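Reading through the structure tokens given below for one structure.
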Amino acid sequence: MEETTEEKKSLNFIEQIIENDLAEGKNEKRIHTRFPPEPNGYLHIGHAKSIVLNFGLATKYAGKCNLRFDDTNPETEDEEYVNAIRNDVKWLGFQWDAEFNASDYFQKIYDYAVQLIKLDKAFVCELSAEQMREYHGTAVTPGKDSPYKNRSIEENLDLFDRMRKGEFPDGKYLLRAKIDMASPNMHFRDPALYRIRKKHHYRTGDQWNVYPMYDFAHGLSDAIEGITHSICTLEFEVHRPLYEWINNTLQTPTRPQQIEMSRLNLTYTVMSKRKLMQLVNEKHVSGWDDPRMPTVSGLRRRGYTAQAIREFCERVGISKRENLIDVSLLEFSIREDLNKKAPRVMGVLHPLKVVITNYPEGQVEELEAVNNPEDESAGKRMVPFSREIYIEQDDFLEVPAKKWFRLAPGAEVRLRYAYFVTCQEIIKDAAGKIVELRCTYDPASRGGNSPDGRKVKGTIHWVSASEGIGAQVRLYDRLFTHETPDKGEVDFKELINPNSLEVITAIVEPSLKLAQAGVSFQFERMGYFCVDKDSTPTQLVFNRTVTLKDAWAKIAEKI
RNA sequence: AGUCCCAUGGUGUAAUGGUAGCACUGCACAUUUUGGUUGUGUAUGUCUAGGUUCGAGUCCUGGUGGGACUACCA
């Protein structure tokens with residue numbers, strides 16, 4: 001810590017709290033965090049931020065980080081989600097020190113509830129949900145005590161025991177803390193601690209008829225595990241006094257500190273589990289792992305790397321301010337990573353046939369291409385060239401625009417790693433659509449340079465017509481047309497981008513034939529693409545992860 | 001409306017009373033067999049009014065703006 005030579009790196013506010021605690025010798029200088037998802041949905045990029053923070057803090061301060069499933073609500077939770085969550089955390093590159101479930105502590109939490117009753121700090125309430133609302137008061141008006149608040153401790157004990165045994169139907173009784181119905185903090189107005197719920201729990205089965213509420217279970221779980229810093233999002237700020245009240249009143253062995261930070265918001269998407277669930281259930285997307293989803297599994301299928309997601313999470317920072325992160329930062333993170341790692345390859349998305357009239361018919365030659373200019377160790381490969389090739393439709397303009405240096409009538413361009421070609425003739429169909437180009441090539445420019453020193457401004461990609469292979473390519477765009485689809489007055493589903501997915505058939509170079517699912521490539525000049533799990537030995541399927549930055553598109557916009 | 005939280009370029013995030021910095025984005029130039037990458041430059045900022053201080057983005061007070069809370073969800 002006393003590096004005098006190194007520049008002091010700035011700390012986020014949570015690191016500052018931790019370093020202060022360490023300096024004061026709090027918690028025997030132990031740092032123990034946890035990532036506590038409820039297993040009722042898939043993890044999204046917002047969870048990734050929390051994961052990177054919690055596990056990162058543990059690593060940075062030589063502490064520990066637990067994975068804890070917050071499974072106190074048997075109605076919504078399921079094993080399917082547990083497995084997906086474990087898988088996502090591991091994929092992101094983290095290993096938890098211990099795995100727990102809130103349900104591991106059901107007996108302990110129950111015992112704490114009994115203790116609370118004995119301390120005369122909790123009572124069994126008989127008010128209906130509707131009556132509860134009435135007694136609860138509002139933000140401006142105080143609530144009033146439940147008529148059942150003064151039951152004897154013995155009666156409360158008996159009732160709570162019978163609640164547990166299943167003697168009463170759901171909703172009949174509720175265990176509540178005795179705090180203060182006039183508190184300006186609504187969460188202090190005799191909050192619910194335990195409710196009757198005769199539901200099968202995916203872990204504890206039918207063992208329990210009562211389940212603890214979040215507020216009661218969370219702080220106790222943290223205390224039981226010896227968590228020192230319990231990080232959550234801003235909306236739990238008003239719960240903190242209750243969190244502390246519970247652990248202090250029950251004199252738990254450790255007193256974890258709850259710290260709140262702002263959640264991550266991303267432009268052009270939604271981040272709440274409820275809304276993501278809706279997109280899945282109503283089939284607006286193909287599933288939780290649809291490549292348009294902001295879920296960890298969706299991003300992974302889209303071609304995002306764990307490294308890029310971690311970098312992104314570091315870059316967005318930690319604070320208590322409401323924020324809206326521009327997706328371009330996410331896109332920057334994946335481009336940065338894939339630029340270093342992804343092998344280059346040529347693929348034509350929207351093919352236009354080109355016949356090189358002075359190239360010998362039937363001849364095929366292999367030309368050397370660099371796999372990754374950013375990484376010499378990636379080596380080289382051979383790509384076949386022949387008389388008939390495909391180029392990108394967008395790389396030809398019959399009437400060239402200003403600053404256009406791709407192919408045009410009479411213009412000369414370089415075919416990447418191949419030859420200089422000059423467009424001699426345009427062939428159109430009856431409707432006037434350009435269907436083919438006739439070009440001539442300069443045999444002396446093999447490899448892409450002319451011995452006479454002649455320069456061309458444009459270099460375009462191509463695929464040999466006879467050797468190229470067809471592939472399905474899924475082009476993804478943002479899922480919503482609005483920056484903040486869930487902040488406006490219209491329903492967020494009305495803002496779904498109807499063109500968020502375009503499926504095309506592209507022609508790619510033959511080296512891709514055996515490409516494995518999950519592997520990423522850069523299609524030169526087009527973007528990063530990864531092989532989708534839907535690929536079969538006879539049908540390649542690619543997902544476009546992200547386009548390359550497109551300087552020409554910007555120039556074209558201005559013309 | 002009450003209580004609590006927050007306020008720094010277009011977007012995020014630093015500066016712990018002492019030169020407002022970094023990243024993304026935008027723009028410009030250079031380099032380039034990817035209009036990619038890389039490099040260089042540039043534009044834009046402390047919500048407001050007072051106060052404390054030699055000195056305030058930072059501390060204090062008021063205002064304004066935004067957010068959270070009012071579930072037998074988490």
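All chains are named by letter (A, B, ...) in the order of the sequence lines, taking the proteins before the strands, and each is independently numbered beginning at 1. This is a predicted model, so every value here is computed, not measured.
In the interface, the side chain of Arg315(A) is not paired with the base of U13(B) through any donor and acceptor atom under 3.5 Å apart. Side-chain atoms of Arg406(A) and base atoms of G35(B) include a donor and an acceptor less than 3.5 Å apart. Side-chain N/O atoms of Gln522(A) and base N/O atoms of U34(B) include a donor-acceptor pair closer than 3.5 Å. Residue Glu237(A) places no side-chain atom within donor-acceptor reach of the base of G67(B), judged by atom type and a 3.5 Å distance cut-off alone.
Residue contacts shown for Leu324(A) are limited to sugar-phosphate atoms, with no base heavy atom under 4.0 Å away. Heavy atoms of Leu329(A) sit under 4.0 angstrom from primed sugar atoms or phosphate atoms, though from no base atom. Across all strands shown, Glu75(A) has no heavy atoms under 4.0 Å from either base or sugar-phosphate atoms. Residue contacts for Met526(A): at a heavy-atom cut-off of 4.0 Å it reaches no nucleic acid atom on any strand shown. Residue contacts for Pro36(A): at a heavy-atom cut-off of 4.0 Å it reaches no nucleic acid atom on any strand shown.
Listed nucleotides: A1(B), C72(B), G35(B). Nearest to the side chain of Ala139(A): A1(B). Comparing atom distances between the Asn12(A) side chain and each of G35(B), G36(B), A14(B) picks out A14(B) as nearest. The side chain of Glu524(A) approaches U34(B) more closely than any other nucleotide in the set C27(B), U34(B), A14(B). When distances run from any side-chain atom of Glu38(A) to the nucleotides U13(B), C73(B), U34(B), the shortest one goes to C73(B). For His136(A), the side-chain atoms get nearest to U70(B) when compared with the rest of U70(B), G12(B), A15(B). Taking every side-chain heavy atom of Lys320(A) into account, C6(B) is the closest of G35(B), C6(B), A71(B). When the nucleotides A68(B), A14(B), U11(B) are ranked by their closest atom to the side chain of Val238(A), A68(B) comes out on top. Among A74(B), U34(B), A71(B), the nucleotide with an atom closest to any side-chain atom of Arg133(A) is A71(B).
As a whole-Å value, the separation of Arg344(A) CZ from U37(B) C1' is 8 Å. At whole-Å resolution of the value, CG in Asp326(A) and P in G10(B) are 14 Å apart. Atom CZ of Arg68(A) is separated from atom P of A74(B) by 13 Å (rounded to the nearest Å).
Along RNA chain B, the nucleotide nearest to Glu322(A) and the one nearest to His239(A) differ in position, and the one closer to the 5' end is contacted by Glu322(A).
Scanning RNA chain B for stems, defined as runs of 3 or more consecutive Watson-Crick or G-U wobble pairs whose donor-acceptor distances all fall under 3.5 Å, gives the following ranges: B:2-7 with B:64-69, B:10-13 with B:21-24, B:26-30 with B:38-42, B:47-51 with B:59-63.
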**Item:** CA sep, side-chain torsions, deciding dist, call: Trp288(A), Met277(A), side-chain contact (heavy atoms from CB on, under 4.5 Å)
**Value:** CA-CA 8 Å; Trp288(A) 286 99; Met277(A) 176 86 79; 3.7 Å; yes

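Within the 4.0 Å cut-off from OP1 or OP2 of A15(B), at least one side-chain nitrogen or oxygen of Gln16(A) is found. Side-chain N/O atoms of Arg414(A) include none lying less than 4.0 angstrom from OP1 or OP2 on U34(B). Between Thr76(A) and the phosphate of C73(B), there is no side-chain N or O to OP1/OP2 separation shorter than 4.0 Å. Put simply, Lys549(A) has no side-chain N or O that comes within less than 4.0 Å of OP1 or OP2 on U34(B). Proximity of Lys558(A) to the phosphate of C27(B): a side-chain N or O atom is located under 4.0 Å from OP1 or OP2.
Residues Tyr81(A) and Glu38(A) have side chains that never bring a donor and an acceptor to within less than 3.5 angstrom of each other. Side chains of Arg203(A) and Ser103(A): a donor on one and an acceptor on the other come within 3.5 Å. Side chains of Arg34(A) and His218(A): a donor on one and an acceptor on the other come within 3.5 Å.
The stretch residues 177-195 of chain A touches RNA chain B through Pro184(A), Met186(A), His187(A), Ala192(A), Arg195(A), each having a heavy atom within less than 4.0 Å of the strand.
The aromatic rings of His239(A) and His187(A) sit tilted, their planes meeting at an angle between 30° and 60°.
For the atom pair CG of Leu349(A) and CZ of Phe523(A), the computed distance is 7.0 Å after rounding to the nearest 0.5 Å.
Taking the ring axis of Phe35(A) as reference, the NZ or CZ atom of Arg68(A) does not stay both within 45° of it and closer than 6.0 Å to the ring centre.
Scanning for side-chain contact (heavy atoms from CB on, under 4.5 Å) contacts around Asn12(A) gives Ile14(A), Glu15(A), Ile318(A), with sequence neighbours left out.
Ion pair Glu336(A)/Arg315(A) flagged as a salt bridge, since at least one NZ, NE, NH1 or NH2 atom sits closer than 4.0 Å to an Asp/Glu carboxylate oxygen.
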